[in-house]
Amino acid sequence: MSNQPHELRYDLEVIASWIEPGSRVIDLGCGKGELLWHLKNIKKCIATGIEQDEDEVAICIQKGLSVLQGDLNKEVLDYPDGAFDYVVLSQTLQQVYRPVGLIRELMRIGKRVIVSFPNFSHWSIRLQVMFTGYAPKNKLLPYDWFDTPNIRVITINDFRKFARDLGYRVLREAAINTNHQAHFGRIVRIFPNLRATYGIFMIGKKGESWWL
Amino acid sequence: MSDYEVRAQNGRSVGLVEKKFFEFARPPELMPLESGVRFGPITIAYETLGQLNEARSNAILILHALSGDSHVAGYYSKDDKKPGWWDIMVGPGKAIDTNRYFVICSNVLGGCMGSTGPSSINPRSGRPYGLDFPVVTIGDMVRAQKALIDHLGIEQLLAVIGGSLGGMQVLEWALSFPHMMKVAIPLATTARHSALAIAFNEVARQAIMADPNWRHGDYYGGPRPDVGLAVARMIGHITYLSDEAMRLKFGRRLQDKKVFSFNFDVDFQVESYLRYQGKKFVERFDANSFLYITKAADYFDVAEQHGSGSLVKAFSKARARFLVISFSSDWLYPTYQSRELVQAMKKNCLDVSFCEIEADWGHDAFLLPNPRLESLIRSFLDHAMEQ
């Protein structure tokens, strides 16, 4: 099981491509450990994960990954400053209750933070709201307003501004177009805030360039 | 830990096993104990299962809990009704696979199942030690195990695994001999007893010491403090289950009757269960050993003994890869105590995995068949062996 190369989801593939081989990485909300497995076995990273769900934690441990069961908001508090080269928060920010506190904490324990989230300003969502008058619902965001875990509505423009307002530097960003769970996707370069389904950002402290 | 008469769900039994004995610390080379006393000679009873490979890299040390012994799996003879205490976990094709690993399990120092303890003969007096037996600690138990592992010619263990008091020994191993294992798996355990855990132990000890037959530990050759030991065991059993487990297992059901007896005989099933457990325990366990081992558990404090009060500092010594497991309904060593261990490991950037297994059976869950526990241990060992 553990030695079979996994085909990575496209958004995770983009994230993995930003991570230097051999780095220390923590993946928050690591699910079944797809990204962690790739980082550990292909990129030879020292990779660890946090996941709340017991079943998913067990799957990760069975794959030979180092994963802790717990609430990522609390678990990150235990790590010393600069414990990681990269902190990954993939597809989770939109579910976080206190994003500012969390991002600051992640910047404390890691040199760089990679965040990805669904782009709520995609044209299909805009059109849905405009023409139907109902809260948007689609394959990417399959929830009703009353049962959605996505309590934060974020757009690519919002996050860029958010990072700058907090005093961090956007080191890399990618707008991608893919369906959820899709292994294929593409980078969106023209009108990303309108046309991309996901935004992926790497932020760092001021005065640091991404290639350093 | 309780006794469970459960047969293997999968895999075969390892078959017949033999108890062996290792003697060391013969005078004048006595073993220094944590209390400052120098003690010897010491006999350690142990059993091994499976084959040690040529590289001597497949040895797993299993540490037993309070009432366990070296008989971890298999049978002593064809007529044995019960296999060893962790037969569901250890055997050919099982999670701790004796076709792949060389498994070692020894009885703790201070025990009564073949290792030197208060019921052993004091060579100086020719009579059982009783309370002349020195107070031993978890650290002393582990140093005695280390002597055994050295004697077996194993430089590094693949894994040390244990639950409850066995989990404390795992932690002690990981901090006292950090380079002697690749991985450490503490189950349902704690860095130190809470006041609650000490309180239960103290009530159990008082039950023994209040028994007139106890006679300050000098009861060998006469009537034994069976009533006290049985009550002590009953108290233990309450802490090993949980509110939920007791509700499921007994509820308020009556034992062999439909109406109350209106006297102090057994009415409820839970009473009958506790009395049975107490009675069964006195047939195989020594009351003084119970006193010594519970005291060792109460004294155990990883933070104090290895980190001058700091758990984080204590774990700065550790080098093993850890898999920490707790059980959701364990109220003797609740999950928050496992999380404290994990937190200290994280602060030291150690390689640690942690899983809280959802289980109804309280502290005893680690002894019961549990596919989740079995698959976690199996795969964690697989990966350790591959590395």
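Labels below follow one simple rule: chain letters A, B, ... track the order of the sequence lines, proteins then strands, and each chain is numbered from 1. The figures here come from the full heavy-atom set of this structure, side chains too, leaving out hydrogens, waters and symmetry mates.
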Go through the atoms of [X] and report whether side chain, backbone, both or neither lie under 4.5 Å from a heavy atom of chain A.
{"X": "B:Gln387", "result": "side chain"}
{"X": "B:Val352", "result": "both"}
{"X": "B:Cys349", "result": "side chain"}
{"X": "B:Ile357", "result": "both"}

Restricting to non-hydrogen atoms, name the atom on A:Phe159 and the atom on A:Phe117 that form the minimum distance, rounded to 0.1 Å.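 That closest heavy-atom pairing would be CB-CZ, 3.4 Å.
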
Just give me the residue among A:Asp55, A:Val57, A:Leu77 that pairs up with chain B most often, heavy atom to heavy atom, under 4.5 Å. A:Asp55

Before accepting this row, confirm whether a basic side-chain N of the pair [X]/[Y] lies closer than 4.0 Å to the acidic partner's carboxylate O.
{"X": "A:Asp144", "Y": "A:Lys137", "answer": "yes"}
{"X": "A:Arg160", "Y": "A:Glu173", "answer": "yes"}
{"X": "B:Arg339", "Y": "A:Glu75", "answer": "yes"}

Should B:Ser379 and A:Gln62 be marked as a side chain to side chain donor-acceptor pair (under 3.5 Å) after you check the CA-CA gap, both sets of side-chain angles, and the distance that decides it? CA-CA 5 Å; B:Ser379 53; A:Gln62 281 159 21; 5.0 Å; no

Could you tell me which portion of A:Glu51 (side chain, backbone, both or neither) has an atom closer than 4.5 angstrom to a non-hydrogen atom of chain B? neither

Is it the side chain or the backbone of A:Ile46 that comes within 4.5 Å of chain B heavy atoms, both, or neither? neither

Is it true that the side chains of B:Arg247 and B:Ser242 contain a donor and an acceptor less than 3.5 Å apart?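 No pair is found: no donor N or O on one side chain lies under 3.5 Å from an acceptor on the other.
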
